[in-house]
Amino acid sequence: VQLQASGGGLVQTGDSLRLSCAASGRAFGLYVAGWFRQAPGKEREFVSGISWNRAWIEYADSVKGRFTISRDNVKNTVYLQMNNLKPEDTAVYYCAAGPQSPEEFTALATQSPDFVTWGQGTQVTVSS
């Protein structure tokens with residue numbers, strides 16, 4: 001599986017963006033997928049995740065109510081709709097995927113990132 005993220009940009013406070021993560025490989029349809037972000041000088045952090053069948057969806061507290069994750073397993077794509085963006089959302093956003101359980105995936109992505117598949121980052125900058 002290979003991942004390609006897109007959709008970042010420069011926006012103002014309160015604006016919206018939709019990130020896309022396109023995957024190659026049929027196995028992606030059975031993978032857990034998620035979005036993570038890394039701001040300058042900070043560690044990479046979990047933003048949102050979704051299981052292959054959408055039974056598990058989780059958000060970081062900082063984005064709950066503003067961000068929505070979704071996936072289209074026919075198009076092999078995961079999306080992150082980001083509304084009401086704030087300057088503190090400024091970061092490089094990375095998509096990731098793996099065959100693990102949601103709990104294992106989230107732990108590995110933050111603690112042992114080599115065990116999941118990552119896309120290249122896409123920059124999101126929110127001006128005040």
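- Screening residues 64-102 for ring pair (Phe, Tyr, Trp, His ring centres under 6.0 Å) gives no qualifying pairs among residues at least two apart or on separate chains.
- Hydrophobic clustering places Phe115 together with Val32 (ILVMFWY residues linked when any side-chain heavy atoms are closer than 4.5 Å, directly or through intermediates).
- Under a 3.5 Å cut-off, the side chain of Asp72 and the backbone N or O of Lys75 do form a donor-acceptor pair.
- Sorted by first and then second residue, the pairs that involve residues 3-30 and meet side-chain hydrogen bond (donor to acceptor under 3.5 Å, both in side chains), not counting sequence neighbours, are Ser16-Asn83.
- For Thr110 (side chain) and Thr106 (main-chain N/O), a donor-acceptor pair under 3.5 Å exists by modelled atom type.
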task: Check step by step if side chain to side chain contact (heavy atoms under 4.5 Å, CB included) holds for Ser48 and Leu80.
output: CA-CA 8 Å; Ser48 182; Leu80 186 68; 4.2 Å; yes
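- A side-chain contact (heavy atoms from CB on, under 4.5 Å) with Thr90 is found for one member of Leu10, Val126, Val124, Val11 and no other, namely Val126.
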task: Just do the side chain to side chain contact (heavy atoms under 4.5 Å, CB included) check on Phe36 and Glu43 with the steps written out, would you?
output: CA-CA 10 Å; Phe36 298 76; Glu43 294 187 349; over 6 Å; no
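- With hydrophobic clusters built from ILVMFWY side chains whose heavy atoms lie under 4.5 angstrom apart, Val116 shares a cluster with Val92.
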Ile69/Trp35 under side chain to side chain contact (heavy atoms under 4.5 Å, CB included): CA gap, chis, key distance, verdict: CA-CA 9 Å; Ile69 193 170; Trp35 290 94; 3.8 Å; yes
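- Leu3 and Ala23 get closest at one heavy-atom pair: CD2-CB, 3.6 Å.
- Note: the hydrophobic cluster containing Tyr59 also contains Met82 (ILVMFWY, side chain heavy atoms under 4.5 Å, direct or indirect links).
- Contact between Ala97 and Phe28 at its shortest, heavy atoms only, is CB-CE1, 3.8 Å.
- The two residues Ile50 and Arg71 make their nearest non-hydrogen contact at O-NH1, 3.5 Å.
- Contact between Ala96 and Phe105 at its shortest, heavy atoms only, is O-CZ, 3.6 Å.
- The heavy-atom pair separating Ala33 from Val78 by the smallest distance is CB-CG2, 3.6 Å.
- Annotation for Trp56: atom CH2 counts as buried by contact number, over 12 foreign heavy atoms lying within 6.0 Å.
- When all heavy atoms of Thr122 and Ala5 are compared, the pair lying nearest together is CG2-CB, 4.4 Å.
- Sorted by first and then second residue, the pairs that involve residues 77-105 and meet salt bridge (charged side-chain N to carboxylate O under 4.0 Å, His left out), not counting sequence neighbours, are Arg37-Asp89, Arg66-Asp89.
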query: Where do Gln100 and Leu108 land on the side chain to side chain contact (heavy atoms under 4.5 Å, CB included) test, with the steps shown first?
result: CA-CA 9 Å; Gln100 303 87 1; Leu108 286 172; 3.7 Å; yes
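- More than 12 heavy atoms of other residues, nucleotides or ligands shown are found within 6.0 angstrom of CD on Gln120.
- If you chain together hydrophobic residues whose side chains sit under 4.5 Å apart, Leu19 and Ile57 fall into the same group.
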